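Protein chains get the first letters and strands the later ones, always in sequence-line order, with residue 1 at the start of each. The structure presented is a predicted model; accordingly, all values stated were derived computationally and were not measured. FYI, side chains are in, hydrogens and waters are out, and symmetry mates aren't considered; it's all heavy atoms of this structure.
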Amino acid sequence: MSPYLALLRARFRLLLHYRAAALAGIATQIGFGLILTSAFAAFYGSDQVSRQMLPLSLPNLMTYLWLGQALLGLLPWRMDGEVKAMVTSGGLAYELLRPVDLYGLWFSRAIALRTAPVLLRAIPLLILAGWLFGLSLPPSIEAAGLWTVGLAGAVALSAACTVLMSISLLWTLSGEGVQFAMPAFASFFSGHLLPLALFPDWAGRMIALLPFRGLMDTPHRLWIGTLEGAEAWGAIAHQWVWVALLVVVGRFLLSRGLTRVVIQGG
Amino acid sequence: MPPRNPARQTKPVSHSDVGAFRLYVRYVAISWRAQLQYRASFLLQCLGTGMITAGEFLVIVALFGRFKTLDGWTLPEICVFYGTVNLAWSIAEALARGFDDFGSLVKSGDFDRILLRPRSTVLQVLGREFTLRRVGRFALGVMVLTWGWTDLELGWDGARLLLVGFAVAGGVALFIGLLVLQATLAFWTVESLEVMNILTYGGVTTTQYPITIYPSRLRHFFTAVIPLACVAYFPIVAVLGHPDPLGTAVVWQCLSPTVGFLFFGLSLLVWRMGVRHYSSTGS
Amino acid sequence: MPQISVRHLAKAFRVTERSPGFWGTLRGLASRTTRTVRALDDVSFDLEHGELVGYIGPNGAGKSTTVKIMAGILVPDRGECVVNGRIPWKERAAHVAEIGVVFGQRTQLWWDLPVIESFELLRDIYRIPSTAYVRRRDELIAILRLEDLLDVPVRQLSLGQRMRCDLAAALLHAPTLLFLDEPTIGLDAPSKLSVREFIRRLNREQGVTVILTTHDMDDMEALCSRVMVIARGKLLSDGRLSDLRSRFGRERWLTIDLLNPDEPVRVEDFQARLVLRDGGRVRLAFDPDRVRPEQLIAALTARHAVNDLFVEHPPIEEIIAQIYQREGIAP
């Protein structure tokens with residue numbers, strides 16, 4: 001088994017231990033989902049005129065919001081705690097001694113970190129939301145297929161952001177600048193707080209250029225089927241262009257950072 | 001052999017007895033100094049949480065940009081609700097950070113140390129940290145409230161200001177009560193405290209809008225179970241001079257923040273039960 | 001009246017068991033098994049003012065459960081415990097104002113504060129009158145040699161320095177009873193010696209009653225006149241260290257260095273038991289009532305060429321290990 005796979009397995013096992021946390025997470029997300037959907041529904045209900053011209057219908061909005069709750073853990077909320085502990089305690093030297101590529105190692109850790117809790121929470125949440133709270137299934141097999149492709153892109157994008165946060169530790173040690181800016185940007189610009197379609201049009205167009213929509217808005221819209229055909233593939237390409245860019249930048253910064261650490265003897 | 005014991009011989013001197021309030025002030029001073037020791041990190045955290053809060057508010061502005069009205073309520077009116085609730089929550093979060101973060105204290109076993117000191121457990125836990133890092137939410141709350149207030153031309157009306165102050169105070173008490181309950185839960189489990197976020201953060205999100213916009217079950221929950229409506233919706237309706245679509249009397253609207261203090265008292269009783277449970281299981 | 005009186009103390013805990021491995025974890029998602037552990041099972045003892053008692057036992061034997069009950073932060077299931085005339089958990093605040101507790105692994109000082117400010121905060125917490133505080137503080141600073149540490153933030157102290165400061169912190173309010181939990185753990189040799197010396201002086205000169213839980217048998221030998229041994233929640237032995245020795249440690253050890261490191265030694269010929277064989281070094285345990293040391297030495301040297309030899313008491317670890325072994329407990 002490759003070292004990356006072994007690492008993934010070990011981390012999954014660890015994360016599965018937190019069953020109470022997973023149940024609590026599901027309950028929390030349902031609570032928030034109910035509050036959010038009620039508030040949005042109230043806006044939709046109060047102004048019938050504007051509603052006609054909206055790019056996102058109410059049923060689609062409900063599905064969008066519940067998907068956001070289910071896949072909440074996918075957002076790069078925080079960096080990998082163990083990597084942080086390792087860098088701040090100076091244990092990085094051991095990591096460098098292992099015969100594996102450090103970026104690859106951190107990237108696979110980040111994928112496990114982002115997906116394991118989501119798997120535990122998302123599947124029950126999607127079932128519950130579909131059954132009770134107005135989440136609809138993808139309108140077609142094609143949309144469902146595109147969604148899985150988009151989800152893969154979102155995972156890769158989130159992992160790349162997470163690793164970037166870890167790398168920032170090599171400069172600031174506490175890593176707090178990036179650590180606090182990332183969740184703010186990610187939750188706002190991904191469409192998690194407000195679907196990008198509901199932003200003022202000029203803002204929506206600008207935000208669409210940023211990488212963050214690939215985390216939430218792209219997969220959600222693939223699911224509800226408002227991204228189709230060439231447009232869909234364009235959004236998926238947008239995800240992977242950003243993944244490639246972030247990986248290249250990450251690798252460059254990591255090698256620069258490591259030289260720094262080695263020179264300083266940290 | 002009787003122990004030689006200088007402190008005990010001179011014990012009954014009352015003037016050097018440090019009362020609970022003075023001790024709390026000392027705790028706060030220490031906590032502030034500790035936070036400011038790492039200045040860069042402190043500023044970045046303030047900035048980060050400030051950005052998240054600002055993002056949340058921008059969502060409301062954007063929604064009003066699309067919809068013009070929320071069930072008959074205007075943006076400046078929403079701003080008064082939003083400002084009051086966020087002000088109360090930010091103050092409570094700052095004061096009761098020690099309770100918010102209580103799970104770690106139980107997990108590490110450091111709660112034993114608190115029990116080993118001859119002071120009230122509540123005072124000591126409150127004294128752990130008075131966090132300044134959420135100053136962004138506080139500032140935004142003040143700004144949004146002020147903007148809504150001036151836009152509605154509510155003016156320097158003493159009774160109105162008093163009622164808003166009362167609502168904020170009751171809200172602080174209620175939110176601290178929620179954080180105390182959350183901490184009490186930590187005596188049983190430290191893994192699932194996240195659930196309480198529905199009540200705290202979720203409560204803030206809910207009651208920053210007038211509760212009339214919600215389905216009745218949600219409305220009843222935040223009125224009767226977690227009485228956040230009593231420190232937000234009811235008093236603010238009176239402040240705005242808006243007739244209550246729910247048809248409550250003005251007297252009730254003005255007195256309802258009292259419920260927040262009652263809730264806080266109740267949470268202290270539950271806390272005592274939790275401490276008793278902890279001392280019988282030691283875990 | 002004894003300062004501490006413990007009668008028939010019992011305490012049980014429920015613990016959750018987790019199955020190992022990936023599938024065990026998945027099964028754990030569905031169900032959990034719990035089992036009851038008797039941490040204390042009918043423990044009784046008295047402690048007089050001014051005693052210095054060692055409390056030893058393997059991990060999980062019930063040491064810390066006993067200490068927590070005596071300190072007032074844990075309520076027992078059954079039994080009585082009276083400390084300084086009070087039931088600790090019933091009058092927590094009054095009780096803890098008169099005791100001091102030091103955990104070797106955890107500090108009670110404020111991490112980011114200079115030491116002296118932690119002391120001042122403790123003065124306020126314990127409501128120590130200022131004159132008494134100043135006298136006591138200066139006394140402790142002098143004995144523990146803390147002058148140079150007072151302005152240093154706690155996080156910058158070495159482990160030994162921190163322990164000295166923690167000892168002072170636990171004693172500022174002049175408690176008559178001090179609980180020490182592994183006070184020398186992780187310390188370097190000079191720090192260990194100075195901590196031990198301080199505990200001895202505190203006990204002798206100020207009459208403070210000290211209860212010391214430790215794994216370090218040197219602490220025990222250096223400090224404690226009385227030792228209580230606990231295992232599986234039961235008190236196995238309670239008495240003077242010398243009594244413990246004479247009950248369980250009548251054996252002596254004879255260590256010889258053979259000239260020829262490969263030479264076999266037939267231990268059974270000498271009415272002795274082999275403890276250790278390491279090259280030329282042979283250690284025999286014998287009972288002086290059955291075979292006298294000079295006879296043993298004569299018989300040995302008659303048959304083997306010996307470089308060096310000496311007779312000694314087995315160390316206390318050995319005695320404790322024997323007690324555990326007799327009780328069928330892995331230490």
Visitor: Against chain B, label A/F189 side chain, backbone, both or neither, depending on which of its atoms sit under 4.5 Å from a heavy atom there.
Guide: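 Contact with chain B: none, neither part.
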Visitor: Between chain A and each of B/L70, B/T53, B/I52, B/N197, count heavy-atom pairs under 4.5 Å; write down the option with the most.
Guide: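 Highest number of pairs under 4.5 Å: B/L70.
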Visitor: Given ring pair (Phe, Tyr, Trp, His ring centres under 6.0 Å), test A/Y44 with B/F67 step by step and report yes or no.
Guide: CA-CA 8 Å; A/Y44 268 66; B/F67 293 99; 5.3 Å; yes
Visitor: Tell me the closest heavy-atom pair linking B/T205 and A/F32, and the distance in Å.
Guide: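 Result for this residue pair: OG1-CE2, 4.2 Å.
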Visitor: State whether the side chain of B/R66 and the backbone N or O of A/F199 hold a donor-acceptor pair below 3.5 Å, judged by distance alone.
Guide: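 Answer holds: yes.
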Visitor: Please find the pair of heavy atoms, one from A/A27 and one from B/V195, that lie closest to each other, and give the distance.
Guide: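 Closest pair (atom of A/A27, atom of B/V195, distance): CB-CG2, 4.3 Å.
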Visitor: As an exercise, state the distance from OG of A/S38 to CZ of B/R219, rounded to the nearest 0.5 Å.
Guide: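 Rounded to the nearest 0.5 Å, the OG-CZ separation comes to 11.5 Å.
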Visitor: Within this structure, what is the OG1-CD1 distance for the pair B/T206 and A/I35, rounded to the nearest 0.5 Å?
Guide: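 CD1 of A/I35 is found 3.5 Å from OG1 of B/T206.
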Visitor: Relative to the ring of B/Y209, is the ring of A/F43 parallel (under 30°), tilted (30 to 60°) or perpendicular (over 60°)?
Guide: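 Ring orientation of A/F43 relative to B/Y209: perpendicular.
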Visitor: Is A/S46 reaching over with its side chain to a backbone N or O of B/T69, donor-acceptor style, under 3.5 angstrom?
Guide: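 Indeed, once roles are kept as given, a pair shorter than 3.5 Å links the two residues.
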Visitor: Heavy-atom distances under 4.5 Å only: say whether B/I213 touches chain A with side chain, backbone, both or neither.
Guide: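 Both parts, backbone and side chain.
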Visitor: Measuring from A/T37:OG1 to B/Y214:OH, what's the distance to the nearest 0.5 Å?
Guide: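 The OH atom of B/Y214 is 10.0 Å from OG1 of A/T37, to the nearest 0.5 Å.
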Visitor: Look at A/P200, A/A39, A/G31 and state which one has the largest set of heavy-atom pairs under 4.5 Å with chain B.
Guide: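 Max contact count across the listed options: A/A39.
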Visitor: Grab the two heavy atoms, one from B/L63 and one from A/L198, that are nearest each other, plus how far apart they are.
Guide: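 Minimum heavy-atom contact is CD2-CD1, 4.3 Å.
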